[in-house]
Amino acid sequence: MPSHCPARVQKNGRVRLSEASSPKFETKRVTATNLGGPIDLDKTLLSGQVFHWTRRADGSWSGLLGNEAVVVSEKNENLVLHQGPDDRVVRHFALDHPLEEIYAAFPEEPMSQSALAACRGMRILRQPRWECTAAFITSSMKQVAHIRSMSLAIRSRFGEAVDGSDINAYPPFEVLAKATVPALRECGLGYRAENLLKTARLLADGTIDLEAIAKQPTARLRQTLQMLPGVGVKVANCILLFAYERLDAVPIDTWIHRILLAMRKGRKGTPAQLAAYAHRRLGPYAGYVQQYLFHHARMAKRGAALNPASVFSVPFDSHAPARLALRANLRWSISKAPAFSIVVKTAGCGATSPREARHQK
DNA sequence: TGTGGACCTGGAAGC
DNA sequence: ACGCACAGGTCCACG
């Protein structure tokens with residue numbers, strides 16, 4: 001299993017695109033740099049890994065890498081850099097991840113193959129450790145849109161301005177460690193405020209060093225991360241996958257939980273059993289498979305209400321997967337899918353998956 | 001080891 | 001329009 005990122009760095013012949021060949025940006029007279037690919041930038045930045053990037057009217061994306069403003073776009077499935085440090089951008093967008101090798105390792109299983117077909121080019125980013133940890137501490141019981149708004153509020157209130165960027169840098173933990181619960185609550189964190197503050201203080205006083213622990217093996221690192229307030233097994237797996245390059249880590253959220261149950265034809269299990277199953281079934285790049293399944297299911301949600309069978313557009317011998325992905329439309333599920341109504345119903349009431357995804361200490 | 005329930009908040013969504 | 005349910009969990013108290 002690849003506990004580290006495969007050290008296969010692409011030799012990107014940096015192609016200088018003439019201004020004439022990138023009409024979108026000619027007014028700014030910037031020199032665009034082709035950083036390579038393939039990558040699907042929209043899917044990568046919309047798949048719930050990062051939360052502060054902004055899509056511009058011309059289709060390019062602006063965001064921050066630490067304290068540096070970055071603007072990128074996609075052209076012919078390649079990543080094009082318009083602003084920012086090219087070496088760090090290449091690394092952040094993980095252009096060295098061997099996608100074809102990863103795809104070859106996807107399970108021969110309908111939902112995984114369907115998700116792959118729908119999400120080709122989506123990459124798992126290499127995120128700054130603290131930012132990623134903080135973002136996912138605030139993520140519990142929250143939708144992507146709100147995680148984003150919390151991130152932006154924290155940046156606005158505690159972060160430093162960045163040249164060439166509309167938004168501030170994410171405040172270092174030393175800064176947040178000096179914040180207060182009420183101040184963080186004003187950023188919309190709710191009960192998460194206390195967790196983020198306590199974590200920032202644990203890092204600030206040196207109890208845990210997010211960089212030093214990077215050399216720990218995955219299982220141990222997961223335990224270490226779970227020492228942080230607000231970090232349970234699911235969030236720990238997100239951090240492992242998105243900030244520590246553990247591409248086999250599988251965060252089991254409500255979506256993945258239901259998908260795993262569908263793969264097991266409804267057979268339930270303890271969180272540990274489901275996690276073990278996920279690793280067995282999803283293979284050495286289970287984290288990648290998980291991300292594709294998650295994004296595909298989420299994106300198909302709206303369409304699912306109209307045409308449930310299209311969620312995973314592959315033939316099924318059972319309707320279960322479509323029903324599971326359809327949970328958004330609870331009424332429909334119950335009326336049309338009696339065989340699965342119990343699973344769908346309880347999950348919809350929040351009585352099943354959050355609990356079953358809970359870790360035990 | 002396994003379950004029940006509290007916890008903040010607001011964008012999205014259904015009647 | 002207003003009210004309730006819900007959303008990418010965690011943590012703690014109990015059987």
Side-chain angles (χ1 to χ4, degrees), chain A residues 46-51 115 124 132-154 181-199 222-223 225-242 249-261 268-275 278 287 290-306 324-335 344-361:
Chain A
L46 287 171
S47 62
Q49 307 179 53
V50 279
F51 306 97
I124 288 181
C132 181
T133 300
F136 282 96
I137 283 175
T138 67
S139 76
S140 81
M141 296 298 292
K142 278 301 175 189
Q143 294 179 320
V144 169
H146 193 217
I147 302 169
R148 173 185 172 85
S149 82
M150 288 185 284
S151 168
L152 295 180
I154 289 172
V181 168
L184 286 170
R185 278 178 177 263
E186 286 173 14
C187 296
L189 297 208
Y191 66 85
R192 304 160 193 81
E194 194 170 354
N195 289 334
L196 184 58
L197 183 59
K198 284 181 178 172
T199 291
R222 183 182 293 110
Q223 288 184 318
L225 291 169
Q226 287 184 228
M227 293 169 61
L228 299 171
V231 179
V233 68
K234 188 272 179 181
V235 169
N237 277 317
C238 287
I239 300 168
L240 285 171
L241 181 59
F242 301 135
V250 179
I252 301 181
D253 68 315
T254 61
W255 287 94
I256 297 302
H257 183 261
R258 282 188 291 277
I259 290 170
L260 289 174
L261 285 187
K268 298 177 182 175
T270 65
Q273 287 171 328
L274 285 178
Q290 170 274 152
Q291 194 67 14
Y292 278 53
L293 287 167
F294 172 75
H295 185 64
H296 184 41
R298 235 167 51 87
M299 290 302 100
K301 187 169 81 167
R302 287 206 182 91
L306 299 173
L324 292 172
L326 188 57
R327 171 183 157 282
N329 194 334
L330 184 56
R331 180 163 300 132
W332 187 97
S333 303
I334 293 175
S335 62
V344 172
K345 187 176 180 181
T346 53
C349 297
T352 299
S353 34
R355 183 158 309 113
E356 292 184 6
R358 180 178 88 266
H359 74 286
Q360 43 263 339
K361 285 187 176 176

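Letters go in sequence order (proteins before strands), and every chain restarts at 1.
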Quantified in whole Å, what is the C1' atom distance between nucleotide dT10(C) and nucleotide dG11(B)? 23 Å

Rounded distance in Å between the P positions of dG5(B) and dG8(C): 22 Å

Can you identify which nucleotide, out of dG2(B), dG8(C), dC8(B), has its nearest atom closest to the Y191(A) side chain? dC8(B)

Treating S149(A) as the side-chain partner and H146(A) as the backbone partner, does any N or O pair qualify as donor plus acceptor under 3.5 Å? yes

In dot-bracket notation, what is the pairing pattern of DNA chain C, taking Watson-Crick (N1-N3 plus N6-O4 or O6-N4) and G-U wobble (N1-O2 and O6-N3) contacts under 3.5 Å, with [ ] crossing and | for other strands? .....||.||||||.

Could you state the CE-P distance from M141(A) to dC6(C), rounded to the nearest angstrom? 10 Å

To the nearest Å, how far apart are K198(A) NZ and dC11(C) P? 10 Å

The reported gap from OG in S140(A) to NZ in K234(A) (rounded to nearest 0.5 angstrom) is 9.0 Å

What nucleotide among dG10(B), dG9(C), dG8(C) has an atom nearest to a side-chain atom of S140(A)? dG9(C)

Nearest-angstrom distance, P atom, dA13(C) to dC8(B): 15 Å

Which residue, G230(A) or F294(A), contacts DNA chain C at a nucleotide closer to its 5' end, judged by nearest heavy atom? F294(A)

Tell me: CD of Q143(A) to C1' of dA13(B), nearest whole Å? 10 Å

Report which part of the nucleic acid V235(A) touches: base, sugar-phosphate, or nothing (heavy-atom distance under 4.0 Å, all strands). sugar-phosphate

For L225(A) and dT10(C), what is the distance between atoms CG and C1' respectively, to the nearest whole Å? 15 Å

Would you please classify the geometry between the F242(A) ring and the F136(A) ring as parallel, tilted or perpendicular, with 30° and 60° separating the classes? parallel

With sugar-phosphate meaning primed atoms plus P, OP1 and OP2, does T138(A) contact a base, only sugar-phosphate, or nothing at under 4.0 Å between heavy atoms? nothing

Go nucleotide by nucleotide along DNA chain B from the 5' end; which of E194(A) and A145(A) gets its closest nucleotide reached first? E194(A)

Inter-nucleotide P distance (dC4(C), dA6(B)), Å rounded: 16 Å

To the nearest 0.5 angstrom, please state how far the CD1 atom of I137(A) sits from the OG1 atom of T199(A). 3.5 Å

Which is true for R185(A) with a 4.0 Å heavy-atom rule: it touches a base, it touches only sugar-phosphate, or it touches nothing? sugar-phosphate

For atom CZ of R192(A) and atom C1' of dG10(B), their distance in whole Å: 10 Å

Given atom NZ of K268(A) and atom P of dT1(B), what is their separation to the nearest angstrom? 22 Å

Which part of the nucleic acid does P229(A) contact within heavy-atom distance under 4.0 Å: base, sugar-phosphate only, or nothing? sugar-phosphate

Which whole-number value in Å describes the distance from L46(A) CG to dG8(C) C1'? 15 Å

Looking at the base of dG8(C), is there any donor atom on it, or on the side chain of K234(A), that sits under 3.5 Å from an acceptor on the other one? yes

Looking only at atom types and distance, does a side-chain atom of S151(A) sit under 3.5 Å from a main-chain N or O of I147(A), one as donor and one as acceptor? no

Would you give the length of the straight line joining atom CD of Q49(A) to atom CG of L46(A), rounded to the nearest 0.5 angstrom? 10.5 Å

Quick one: pull up NE2 in H296(A) and OG in S47(A) and give me the separation to the nearest 0.5 Å. 14.0 Å

For Q290(A), run the side chain to side chain contact (heavy atoms under 4.5 Å, CB included) check against N237(A), I259(A), I256(A), I124(A) and tell me which one passes. I256(A)

Take atom CZ of F242(A) and atom P of dG8(C), then tell me their distance rounded to the nearest Å. 14 Å

